[in-house]
Trainee: 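What follows is a structure written as structure tokens; I'll ask about it next.
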Amino acid sequence: MLASAASGTRTAADPSDTSDLSEPHDPHDPPEPSVPLRPVPLSPTLAVNEALARKRGAGASVLPLGFGEAGIPIHPALVRELSAAADRGAYGPVAGSAALRTAAAGYWERRGLPTDPDLVVAGPGSKALLFGLLAALGGDVVVPAPSWVTYAAQTELAGALPIRVATPPGEGGVPNPALLADAVVRARAVGRTVRAVVLTLPDNPTGTLARPETVARVCAAARDLDLVIICDEIYRDLVHDPAREVASAARYAPERTVVTTALSKQLAAGGWRIGVARLPHGPFGRALRASLVGIGSEIWSSPPAPMQHAAAYAFREPPELVEHVARSRRLHAAVATAVADRFRDAGALVRPPEAAFYVYPDLEPLRERLRAAHGVRTGADLTALLLDRYGVGVLPGSVFGDDPAALRMRVAPSLLYGDTDARRLAALDSADPAALPWIAGALDRLSAVLADVRARDRAPSAV
Ligand SMILES: Cc1ncc(COP(=O)(O)O)c(C=O)c1O
């Protein structure tokens with residue numbers, strides 16, 4: 001929603017736009033363009049972060065539970081590797097260096113997915129690669145409901161439509177296989193071109209992992225429907241129980257599955273912007289690779305060279321990094337479980353978190369109280385109340401494509417680990433991180449907020 005700038009009364013396209021919109025237009029200035037812009041709102045995960053930053057800047061104390069950042073320090077070995085490559089200023093191959101592609105192939109081989117380095121494409125984050133894939137495929141995309149905000153947004157940016165299919169109960173990240181065929185057949189019957197389905201194993205926003213049987217059924221349906229499967233495994237190494245099997249779609253439908261991952265989550269290097277995609281073997285995979293590389297060549301040219309060097313080191317999985325990932329996994333499990341417990345104690349429905357740093361509580365049992373006390377009718381009403389009154393930043397399920405009326409929200413506790421590296425390291429080292437004073441304090445505040453929110457007919461107390 002952008003009004004003509006020439007009037008001098010622009011309207012912000014999103015609430016996080018902090019530019020001064022009230023600046024009057026000086027009649028001596030040349031006329032500004034009156035070109036209507038395509039409204040592309042800031043990704044909600046980034047927007048909640050910025051809203052919290054503004055509150056914090058205004059002196060308010062906040063509880064940042066909205067942003068999917070891993071919240072742990074970069075391992076010194078990665079810093080060392082990155083520094084060693086800081087003088088690499090050349091562009092390099094679009095698909096990434098042979099060293100990085102070979103290291104990524106080894107990473108996948110160790111997870112039971114034999115990989116040809118020539119079918120690995122690196123890019124500036126897996127997000128950019130996902131967009132390249134969707135643009136290359138060029139059709140509508142089945143996305144689980146709920147699912148990570150970006151799949152639907154990127155599908156629309158690529159000029160197609162997301163087709164949302166509900167996930168099976170307790171298994172986030174995959175469309176219910178019993179509903180998938182029907183949704184695709186109906187879309188095709190009205191003339192839509194449906195080309196792909198996205199899976200997230202394990203899942204953001206629910207923090208759960210689909211069972212191998214379910215993944216196998218989705219893959220069988222995708223084969224029947226001739227869909228390409230994009231299997232986003234960015235949280236693969238953060239399944240809380242390391243003995244639990246992550247069944248990649250590439251195991252069941254290797255001829256049509258693209259797997260993506262990155263260093264952003266297990267090694268907390270999201271700001272480094274480096275990711276990799278594993279394309280299927282065979283003629284289709286090679287053609288898709290050519291398309292993806294072509295798109296990369298026109299948008300990012302090559303992944304950043306120093307990052308590639310550090311990523312090649314990381315994907316070789318030296319023991320020091322394996323140990324670091326194991327410690328971060330234990331930290332995420334402990335704090336996410338503690339947060340889930342606080343919601344359960346407050347009367348919410350919540351599944352035990354299984355992976356990553358997400359909890360997805362449902363406040364449906366409190367609906368009547370929330371309506372009577374605060375006029376809350378939707379998930380967005382609830383999260384607005386939490387943000388505005390209590391400084392608690394979480395995201396409503398609706399931004400992930402969940403039912404807007406549902407009182408579900410995504411809670412991401414990883415920014416509670418500490419506001420200094422010393423605290424984050426202490427959290428990583430602790431056998432009981434939820435008991436550390438700064439984390440326990442945040443958890444107690446969360447409990448106090450939930451208690452206050454559910455209390456009927458009361459003015460808010462100072463929480
Ligand atoms: C499911 C999922 N995929 C991909 C990404 C982004 O990955 P990258 O940092 O590699 O672009 C995120 C980050 O929030 C995510 O949650």
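In each ligand, atom 1 is the first atom listed, and ligand 1 is the first ligand listed. Counting begins at 1 with the first residue of the sequence.
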Trainee: List every atom of ligand 1 that sits less than 4.0 Å from any heavy atom of Ala262, numbering the atoms from 1 in the order shown and giving each element.
Mentor: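 So the answer, numbered in order with elements, is 10 (O).
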Trainee: Under the side chain to side chain contact (heavy atoms under 4.5 Å, CB included) rule, collect the residues that match up with Ser302, sequence neighbours excluded.
Mentor: Tyr91
Trainee: I need the single residue from Pro175, Cys219, Cys231 that forms a side-chain contact (heavy atoms from CB on, under 4.5 Å) with Val197. Which is it?
Mentor: Pro175
Trainee: Purely on distance, is any nitrogen or oxygen of Asn204 under 3.5 Å from one on ligand 1?
Mentor: yes
Trainee: Answer yes if the side chains of Thr214 and Glu171 hold a donor-acceptor pair under 3.5 Å, and no otherwise.
Mentor: yes
Trainee: So if I count the atoms of ligand 1 from 1 in the order they appear, which ones are less than 4.0 Å from some heavy atom of Ser264?
Mentor: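 Heavy-atom distances to Ser264 below 4.0 Å select 8 (P), 9 (O), 10 (O).
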Trainee: Will you find, in the side chains of Asp203 and Tyr235, an N or O donor that is under 3.5 Å from an N or O acceptor?
Mentor: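 Asp203 vs Tyr235: no donor-acceptor pair found between side chains.
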Trainee: Of the options Val142, Asp232, Val141, Ile230, which is the one that meets Tyr151 in a side-chain contact (heavy atoms from CB on, under 4.5 Å)?
Mentor: Asp232
Trainee: Which distance, rounded to the nearest 0.5 Å, do you find between the NE2 of His324 and the CZ of Arg327?
Mentor: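 Interatomic distance, His324 NE2 to Arg327 CZ, rounded to 0.5 Å: 6.5 Å.
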Trainee: Where does Ser126 meet ligand 1, judged by heavy-atom distances below 4.0 Å: at the side chain, the backbone, both, or neither?
Mentor: both
Trainee: Note the single closest protein heavy atom to atom 12 (C) of ligand 1, along with its residue, its atom name and the distance in Å.
Mentor: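 Result for atom 12 (C) of ligand 1: Trp148 CZ2, 3.3 Å.
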Trainee: Quick one: which of Asp232, Leu201, Val198 has a heavy atom closest to atom 2 (C) of ligand 1?
Mentor: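 Closest candidate by heavy-atom distance is Asp232.
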Trainee: Going by the atom numbers of ligand 1, which of them fall below 4.0 Å from some non-hydrogen atom of Thr200?
Mentor: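 Selected atoms, number and element: 1 (C).
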Trainee: State the atoms of ligand 1, each with its element, that fall below the 4.0 Å cut-off from a heavy-atom position in Arg273.
Mentor: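 Close to Arg273: 8 (P), 9 (O), 11 (O).
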Trainee: With a cut-off of 4.0 Å, which atoms of ligand 1 are near a heavy atom of Gly125?
Mentor: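 Those atoms are 10 (O), 11 (O).
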Trainee: Under 4.0 Å from a heavy atom of Lys265: give me the atoms of ligand 1 that qualify, with their elements.
Mentor: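 Result: 12 (C), 13 (C), 14 (O).
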Trainee: Show me the donor-acceptor pairs, under 3.5 Å and distance only, between side chains in residues 128-135 and residues at least two apart or in other chains.
Mentor:
none

Trainee: Contact between Gly275 and ligand 1, counting heavy atoms under 4.0 Å?
Mentor: no
Trainee: What atoms of ligand 1 come closer than 4.0 angstrom to any heavy atom of Tyr151?
Mentor: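 Every atom of ligand 1 under 4.0 Å from some heavy atom of Tyr151: 1 (C).
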Trainee: Between Phe67 and ligand 1, find which residue part has any heavy-atom pair under 4.0 Å and reply side chain, backbone, both or neither.
Mentor: neither
Trainee: Regarding Tyr107 and Asp237, is there a side-chain donor-to-acceptor distance under 3.5 Å anywhere?
Mentor: yes
Trainee: Identify the heavy atoms of Val258 and Pro280 that sit nearest to each other, and give their distance.
Mentor: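 Looks like CG2-CD, 4.0 Å.
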